[in-house]
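Before any comments, here is the structure.
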Amino acid sequence: MAKWGQGDPRWIVEEREDGTNVNNWHWTERDATSWSKGKLHELLVGIIVENEAGRCEISELKQVEGEASCSSRKGKLIFFYEWNIKLSWKGIIKESGVKHKGLVEIPSLSEENEIDDTEVSVSKKKGDGDILKDLMKTAGTARVKEALGDYLKALKTEFTMGMILPTKAMATQELTVKRKLSVNPLQIQASSPVALGVRIPTVAVHMTELFDTAAEQLYSIFTVKDLTNKKIVMKWRCRNWPEEHYATVALNFVPIPGQTELQLDCKGVPVCKEENMKFCWQKQHFEEIKGLLQLTTLNG
């Protein structure tokens, strides 16, 4: 990284005694998993639905598995959450006073689906009481989805307080990673704006490739910045992807005797585009880099 007050101004944090990232330029991430579990418990447990036939209440958060996080980059907030939730409910039929119990299951609450499209299933233990199950499947499901929506609102407001700090100039800058290669169809961008409203089915892709060079030299091909020569994380997209949809690419440079293993992990690749993405990186990045390294060796 450039010394304080020197080098590319896009990488310089505004002057503050504590060195806080007030430019909001650098990638920061906050783990929201523990906070989310507490918030989901607060919003879901105690929900009550009632009609002329019966009364039901969500009595317990039996299971909440998954994770959540919020990343800040260049003044933009990017949210990731994926939860598998299981709730217990109990109810009473007003006319007979008979009580029943059951489960509410939410197998996949994630940023890839709207709340209205999130699956919520209701089941009941054996026996009569379908009237209560129907109440939970209608009014109960609606209240659960409302609570899930409140969770997401809190995640994006309450939890993120302080993540975007004031800057001297509110206008943000576009940053394109300067490379020593000329690549046409695919352009690597260090962190282009991400539109949170773009929601499409995505997958994660992992690739590895060996290069006959030191990690420092391979790293320098991807960036002209003097950073750690171990890892690069950036936002990246292919031109034929839906507009404003970006994936997150992590490049890890692992030194091995006489070579460097480049490990690429890409999250957010549109479904059915993974093979095309692999081909592009292989042909238009990896092979081109190897050609450049061969020329460098010959000229050296």
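In what follows, residues are counted from 1 in the order of the sequence shown. Nothing here was measured: the structure is a model prediction, and the numbers come from that model. Reckoned from all heavy atoms, side chains included, excluding hydrogens, waters and symmetry mates.
Residues Tyr246 and Thr248 fail the side-chain proximity criterion, which asks for heavy atoms closer than 4.5 Å. Between Asn51 and Ile131, every side-chain heavy-atom pair lies at or beyond the 4.5 Å cut-off. Between Ser71 and Leu77 there is no side-chain heavy-atom pair separated by less than 4.5 Å. Using a 4.5 Å heavy-atom threshold, the side chains of Asp134 and Val122 count as separate. Annotation: side chain of Glu119 is not in contact with side chain of Asn113 (no heavy-atom distance under 4.5 Å). Using a 4.5 Å heavy-atom threshold, the side chains of Ile58 and Val144 count as touching. Contact annotation: the side chain of Leu87 never approaches that of Lys62 to less than 4.5 Å [non-hydrogen atoms, C-beta and beyond]. Side-chain contact between Phe80 and Glu67 is present, with heavy atoms from C-beta onward closer than 4.5 Å.
Summarising the geometry of Leu61 relative to Lys37, their closest heavy-atom pair is CD2-O, 4.3 Å, with the distance given to 0.1 Å. Contact detail for Lys278 and Met207: the closest heavy-atom pair is O-CE, 3.6 Å. For the pair Leu155 and Ser36, the tightest heavy-atom approach, listed with the atom from each and the gap, is CD1-OG, 4.4 Å. Taking both residues in full, the closest heavy atoms of His245 and Pro270 are given as CD2-CG, 4.0 Å, listed atom of the first, atom of the second, then distance. Nearest heavy atoms, Ser123 versus Trp89: O-NE1, 3.1 Å. Residue Cys266 comes nearest to Met277 through the heavy atom pair CB-CE, 3.5 Å, listed as atom of the first residue, atom of the second, then distance.
Separation of atoms CD1 (Ile85) and CG (Leu40) is listed at 4.5 Å; rounding is to 0.5 Å. One distance of note links CG of Asp150 with CD of Glu158; it measures 11.0 Å at 0.5 Å rounding. With rounding to the nearest 0.5 Å, the separation of CD in Glu114 from CG in Leu152 is 9.5 Å. Atom CG of Asn84 is separated from atom CD of Gln63 by 5.0 Å, given to the nearest 0.5 angstrom. Within the model, atoms CD of Glu82 and OG of Ser69 stand 11.0 Å from one another, a figure rounded to the nearest 0.5 Å. Atom CD of Glu274 sits about 15.0 Å away from atom NE2 of His206, to the nearest 0.5 Å.
Remark: the backbone N or O of Asp212 is not paired with any side-chain donor or acceptor of Lys290 at under 3.5 angstrom. A distance-only check finds no donor-acceptor pair linking the side chain of Thr260 to the backbone of Val254 [under 3.5 Å]. In this structure, the side chain of Thr138 engages the main chain of Leu135 through a donor-acceptor pair within 3.5 Å. Of the possible polar contacts, none joining the His100 side chain to the Cys56 backbone as a donor-acceptor pair under 3.5 Å is found. With hydrogens and angles disregarded, no donor-acceptor distance shorter than 3.5 Å links the side chain of Thr208 to the backbone of Leu262. When atom types are taken as modelled, the side chain of Arg143 and the backbone of Ile48 share a donor-acceptor pair closer than 3.5 angstrom.
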>> If you apply the rule side chain to side chain contact (heavy atoms under 4.5 Å, CB included), what do you find for Lys235 with Ile78, and how did you get there?
In response: CA-CA 11 Å; Lys235 307 307 292 183; Ile78 305 168; 4.2 Å; yes
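For Lys101, the NZ atom sits in a loose shell: 12 or fewer heavy atoms of surrounding residues, nucleotides or ligands are nearer than 6.0 Å.
Of the charged side-chain nitrogens involved, at least one lies within less than 4.0 Å of a carboxylate oxygen, so that Lys39 and Glu42 count as a salt-bridged pair.
Tested against Phe159, the residues Tyr81, Trp35, Tyr151, Phe79 include a single ring-ring contact (aromatic ring centres under 6.0 Å, His included) partner, Trp35.
Under a hydrophobic-cluster definition in which Ile, Leu, Val, Met, Phe, Trp and Tyr are linked whenever side-chain heavy atoms come within less than 4.5 Å, directly or via other members, Val49 and Ile115 are assigned to the same cluster. Hydrophobic clustering (ILVMFWY, side-chain heavy atoms < 4.5 Å, transitive): Met136 and Val45 are in one cluster.
Classified by interplanar angle (parallel below 30°, tilted 30° to 60°, perpendicular above 60°), the ring pair Phe286/Trp281 is tilted.
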